[in-house]
Amino acid sequence: MQLGGLVASAGINIGLAVIFYSLYSIFRKQRTNVNVYFPRYVLRQKNVFKTDRFKLASLVPSAGWIQRALQPSEEEIIASCGLDAAVLLRIFIFSMRFFAICTLIGVGILAPLNYTDNQVSHASQIGLLFDSLDLFTISNISNGSNRLWIHLAALYVISFSAYWLLHMEYKHVTQKRLEVLSTARPQPDQYTVLVRSIPRESQEESYSASIDRFFSQYHPHTYLSHQMVIRDWRVVRKKQTLESLVKEIERLKQIAPHERPTCRDGWLGLFGSKVDQLEFKSRKFEELFDDFREGQRELQNNGEAELPSAFVSFKSRWGAAMAAQTQQAENPMAWVTDWAPEPRDVYWPNLSIPLLLSKLYAIGVWVAVFAIILTFVIPVGLVQTIAQLENLRKWFPAIKIVLKIPGIKSVITGYLPSVLLSLLLYIVPSLMLFLSKVEGHVSRSTQEREAARKVFFFLVGNVFFISSLSGSLIDQLYAGFSEPKNIPNQLAIYVPRQSTFFITYILTTGWTGFSTEILQLGIFLLNFIKVRILGKTTFDETDTISLPYYRALPSVLLFILLGLMYAVLAPLLLPFLLIYLVFGYIVYRNQVLFVYEPSYETSGQFWPHVHSSVIFALVLMQITFIGVFGVKQKPNASILTIFLPFITLFFDNYCKSRFVPIFANLSMETTMKKDTEDEKSGAKDELLQCIQGSYKHPALQSLDLRKSDADDNTDLLLPETPV
């Protein structure tokens with residue numbers, strides 16, 4: 001890619017970002033958009049605007065929202081949004097600190113060092129074309145040059161800086177997790193264990209009786225009660241239909257009788273006499289409600305509907321910890337226990353999958369993931385060829401005329417490939433989330449963590465490797481097969497040159513991507529249709545959205561990998577990455593405070609995945625430099641680099657031993673302290689009474705006809721007026 005392509009991409013993305021951020025600062029001040037940009041306020045029935053009067057200032061872009069987003073402290077964010085949201089922001093904090101160090105080393109030392117070497121003249125002699133940015137990469141260093149020792153020193157400094165910051169962040173997140181667990185109000189999941197693969201002594205014995213017998217015998221002092229998982233989703237579907245009818249009836253009641261719409265009471269609403277729609281919906285509700293109650297009574301008396309899974313509650317956290325963290329039977333495949341997710345986090349359909357079958361599903365899902373990765377290799381590789389003018393002229397001769405138009409060549413080679421790649425990859429997170437559901441995970445939080453893991457591996461394979469090699473290995477495929485010994489040379493020369501493409505990818509996915517994230521264009525248009533066309537002014541809890549960790553995490557982790565890979569190879573990428581991280585930090589602070597309502601809380605359980613991904617990126621960077629120094633004819637530097645991956649793996653093993661158990665288990669010390677506090681408070685009996693019905697299957701839950709009291713939710717620490 002020529003320098004003009006990078007300039008064109010930067011200009012377009014900066015322009016779009018300015019426009020989108022300006023539109024956001026205007027749209028958020030309009031009262032009709034409160035459901036889009038302040039749904040957490042509306043959910044708690046708080047007044048966002050101090051006055052109803054229109055002000056001309058509301059049509060003027062401003063940056064006051066940035067100050068509002070940066071005001072709350074981390075403790076306030078944890079109290080309002082949960083530790084998961086705070087941990088996401090800690091990823092940006094870690095990345096900004098780390099890449100600030102890398103930028104100082106790369107831009108301040110390595111880039112001038114690369115530029116002042118004389119490899120350009122040598123490269124031109126063998127027919128390689130360098131654009132101006134390649135002068136600042138390691139490709140411009142002469143083979144065997146002593147300057148490579150400085151690159152080795154920089155590699156060591158960057159690696160040990162990563163160890164230091166990773167350990168500091170892991171320790172900080174762990175401390176916050178322990179603080180949250182020690183100060184959290186009593187919750188059902190703290191006393192409840194999910195039990196699967198429940199055996200029976202005979203076919204006549206029910207699973208419910210088997211649970212009572214087993215836990216009364218082996219946990220006699222702590223066992224409290226249990227809730228069975230059942231197999232009947234017909235009743236659940238009826239309940240969902242009734243809930244939607246309740247919302248529709250509430251909406252119709254707010255309409256004056258003479259303005260209320262009518263409908264026909266016949267087949268599909270196409271035949272029969274016209275009746276008041278409220279009357280018709282109410283009559284339909286009564287009929288369906290009777291059917292729903294009858295279905296519930298049949299389920300309660302039908303032992304055959306029970307599945308070999310149940311939520312078992314205990315009288316203390318200590319008792320739950322003993323059951324969840326120990327093997328219950330001699331056969332490890334029977335009475336399998338684990339901590340229960342939050343009631344709102346349970347994904348009930350997957351509880352009907354036998355435990356052994358879910359293991360087979362997991363194998364099939366990972367086969368499908370690798371198949372998807374291989375399937376996307378071809379389109380991703382084709383996108384990369386657009387950046388090569390020679391390929392475009394060869395495959396599309398007619399494009400020569402278009403390329404003569406001023407500026408078009410720069411747009412096609414600089415901006416278009418990154419946009420096409422972003423669009424191509426848009427469906428991947430949703431696809432991986434679907435596969436994670438098929439995999440059999442019983443909580444939505446686990447599904448999102450596993451989906452994030454799959455998306456990250458997909459991005460590493462298709463965005464990093466394919467994009468890095470398509471500009472060199474694909475173009476030089478014939479030379480590589482005819483002379484395999486030249487492949488390391490091709491990689492050493494051409495991989496650094498892909499830094500210009502990744503800069504444009506950062507600009508498109510990051511700078512413009514974050515502006516579209518905060519603008520919420522799709523939800524904005526949907527809200528416009530509801531308010532302006534359909535006349536819907538009421539707010540529904542279903543209008544709130546939760547933070548899509550399975551989309552946000554992999555993208556940030558990919559850019560961390562890119563920053564590590566190019567910190568020494570092509571350091572001019574680092575300032576663009578640093579700006580991306582600053583934008584991301586501000587945008588996601590704004591979103592978790594104002595927009596995203598947590599749908600679950602895991603107290604930062606996805607941080608070990610973040611740590612492992614950064615470790616993977618570090619090892620990949622270090623292994624790459626073993627080859628780079630070899631290609632650059634500096635064998636002593638390669639030998640000294642070999643130690644780094646082993647140091648990284650040793651550090652990772654230490655972190656796993658020191659921190660990971662805290663994320664997997666609850667200590668006896670913590671549970672006993674909390675149980676003692678409950679005993680002293682005198683509210684334990686009332687608490688245990690509430691716990692017993694928390695995990696009732698949706699088919700057996702009563703239909704709540706009351707409007708939810710949103711004021712009981714955690715208070716928000718937000719400004720009163722959007723600026």
Side-chain angles (χ1 to χ4, degrees), residues 82-95 98 162-163 165-178 180 338-339 341 345 347 362 365-366 369 373 428-433 435-437 439-461 463-464 546-564 581 584 588 592 598-621 648-649 651-665:
L83 183 58
D84 287 342
V87 168
L88 175 65
L89 299 177
R90 294 302 305 185
I91 299 173
F92 286 98
I93 292 174
F94 158 76
S95 303
F98 175 62
Y163 304 151
L165 290 173
L166 276 174
H167 183 271
M168 185 172 65
E169 288 300 325
Y170 221 145
K171 184 177 180 181
H172 178 81
V173 173
T174 301
Q175 289 175 343
K176 291 298 179 183
R177 175 177 169 82
L178 292 174
V180 168
D338 197 2
W339 283 105
D345 191 22
Y347 188 71
V365 164
W366 277 103
V369 169
I373 292 174
V428 172
S430 298
L431 183 59
M432 296 302 177
L433 181 61
L435 289 176
S436 296
K437 291 181 179 180
E439 201 170 5
H441 301 292
V442 298
S443 67
R444 292 179 173 84
S445 57
T446 305
Q447 291 170 1
E448 289 205 23
R449 287 200 302 274
E450 291 301 315
R453 191 189 311 275
K454 295 179 180 67
V455 175
F456 176 68
F457 283 126
F458 178 94
L459 294 177
V460 170
V463 175
F464 175 70
S546 59
L547 202 160
Y549 290 101
Y550 65 98
R551 285 188 179 274
L553 280 177
S555 297
V556 179
L557 294 175
L558 173 68
F559 288 126
I560 291 175
L561 182 143
L562 293 177
L564 280 167
L581 294 169
Y588 274 110
V592 300
S599 60
Y600 57 80
E601 175 59 41
T602 67
S603 299
Q605 280 191 338
F606 57 80
W607 181 262
H609 162 61
V610 173
H611 176 86
S612 299
S613 300
V614 178
I615 291 294
F616 169 79
L618 276 169
V619 172
L620 184 61
M621 173 191 70
T648 303
L649 294 176
F651 168 75
D652 181 46
N653 186 65
Y654 162 76
C655 289
K656 286 180 179 178
S657 302
R658 170 63 179 85
F659 299 114
V660 170
I662 298 174
F663 290 83
N665 302 313

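We count residues from 1, following the sequence as given.
- Below 30°, between 30° and 60°, or above 60°: for Phe606 and Tyr549 the angle between ring planes is between 30° and 60°, a tilted geometry.
- Considering CD1 of Ile560 and OG of Ser613, their distance stands at 8.5 Å, rounded to 0.5 Å.
- The closest side-chain heavy-atom distance from Val660 to Tyr170 is below 4.5 Å.
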### Task
Could you go through the side chain to side chain contact (heavy atoms under 4.5 Å, CB included) check for His609 and Arg449 one step at a time?
CA-CA 8 Å; His609 162 61; Arg449 287 200 302 274; 5.8 Å; no
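- Considering CG of Leu562 and CZ of Phe464, their distance stands at 7.0 Å, rounded to 0.5 Å.
- Closest non-hydrogen pair, Ser436 versus Ala451, comes out as OG-N, 3.2 Å.
- Looking at heavy atoms from C-beta onward, Leu459 lies out of side-chain contact with Phe456 at the 4.5 angstrom threshold.
- Atom CG of Leu618 and atom CG of Leu649 lie 10.0 Å apart (nearest 0.5 Å).
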### Task
Please lay out, stage by stage, how Val460 and Phe616 fare under the test side chain to side chain contact (heavy atoms under 4.5 Å, CB included).
CA-CA 10 Å; Val460 170; Phe616 169 79; 3.9 Å; yes
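- In this structure, CG in Asp652 is found 10.0 Å from OH in Tyr163, a value given to the nearest 0.5 Å.
- A heavy-atom distance below 4.5 Å is found between the side chains of Phe92 and Val556.
- Taking CD1 of Ile91 as the reference point, atom CG of Leu553 lies at 4.5 Å (rounded to 0.5 Å).
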### Task
Determine, stepwise, if the pair Phe98 / Leu564 fulfils side chain to side chain contact (heavy atoms under 4.5 Å, CB included).
CA-CA 10 Å; Phe98 175 62; Leu564 280 167; 3.4 Å; yes
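- Ring geometry for Phe651 versus Tyr654: interplanar angle of 30 to 60°, hence tilted.
- Counting heavy atoms from C-beta outward, Thr446 and Tyr347 have side chains that stay 4.5 Å or more apart.
- Between Glu450 and Val365 there is no side-chain heavy-atom pair separated by less than 4.5 Å.
- Residues Ser430 and Arg551 have side chains in contact (heavy-atom distance under 4.5 Å, counting atoms from C-beta outward).
- The closest donor-acceptor contact from the side chain of Arg444 to the backbone of Tyr600 lies at 3.5 Å or more, if one exists at all.
- Contact detail for Arg177 and Ile662: the closest heavy-atom pair is NE-O, 3.0 Å.
- Side-chain contact between Leu557 and Leu561 is absent, with no heavy-atom pair separated by less than 4.5 Å.
- Contact detail for Glu448 and Leu547: the closest heavy-atom pair is OE1-O, 3.9 Å.
- Closest heavy-atom contact between Asp84 and Gln605: OD1-N, 4.1 Å.
- Between the side chain of Glu601 and the main chain of Leu83, a donor-acceptor pair closer than 3.5 Å is present.
- Across every non-hydrogen atom of Ser603 and Phe663, the tightest pair is O-CE2, 4.4 Å.
- Taking the six-membered ring where the residue is Trp, Phe457 and Trp366 present perpendicular rings, their angle passing 60° and hence far from 30°.
- For Ala362, the side chain to side chain contact (heavy atoms under 4.5 Å, CB included) criterion is met by Glu439, not counting sequence neighbours.
- Taking both residues in full, the closest heavy atoms of Asp345 and Ser445 are given as OD2-OG, 2.6 Å, listed atom of the first, atom of the second, then distance.
- Taking the side chain as every heavy atom from C-beta outward, Phe659 and His611 never approach each other to under 4.5 Å.
- Note that CG of Leu165 and CD1 of Ile93 are 12.0 Å apart. Values are rounded to the nearest 0.5 Å.
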